[in-house]
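What follows is a short report on a single structure.
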Amino acid sequence: MMTYRVYLADNIDELERKVNAALGQGWVPRGGVAVACLVIGTHHYCQAMTKVDYTPQEIEKLLEADSKAERHPRFVTPAQSGLTVGWIEDL
């Protein structure tokens, strides 16, 4: 399950504190910082963030799907280039 939250602060320092605390709890920023003018002469800083919490059953389904996914080389093979192969997932 994905949870969506918007953090709101009166100044950029306060927003940074809130966002950094959320990052430590597994939240991920979505997009950049927005500035909202709710009342003429004032503004607030906003940051949208999401957090994904999977149940054990959901994790099992994701792992099973991943093990069955067909993978296509994105670039040349390691033997051809000596580099790591990037993969494109079939969803």
* To do: Establish whether M49 and I12 are linked, either directly or via other cluster members, by ILVMFWY side-chain heavy-atom contacts under 4.5 Å.
  => yes
* Interatomic spacing from OG1 in T50 to CZ in R5 - rounded to 0.5 Å -> 11.0 Å
Please tabulate, for side-chain N and O atoms in residues 15-29, each donor-acceptor pair with protein atoms closer than 3.5 Å (sequence neighbours left out).
{"unit_1": "K18", "atom_1": "NZ", "unit_2": "L8", "atom_2": "O", "d": "2.6"}
{"unit_1": "K18", "atom_1": "NZ", "unit_2": "E14", "atom_2": "OE2", "d": "3.4"}
{"unit_1": "N20", "atom_1": "ND2", "unit_2": "E16", "atom_2": "O", "d": "3.1"}

* To do: Report the residues that fulfil side chain to side chain donor-acceptor pair (under 3.5 Å) with D10, sequence neighbours left out, ordered by chain and then residue number.
  => H44
Please table the atom pairs, donor to acceptor, closer than 3.5 Å between any side-chain atom in residues 32-42 and protein atoms at least two apart or in another chain.
{"unit_1": "T42", "atom_1": "OG1", "unit_2": "V39", "atom_2": "O", "d": "2.9"}

* Structure fact -> Residues passing the ring-ring contact (aromatic ring centres under 6.0 Å, His included) test with Y7, sequence neighbours excluded, are none
* To do: Can you run down the salt bridge (Lys or Arg N to Asp or Glu O under 4.0 Å) pairs that involve residues 41-52, sequence neighbours left out, and say none if there aren't any?
  => none
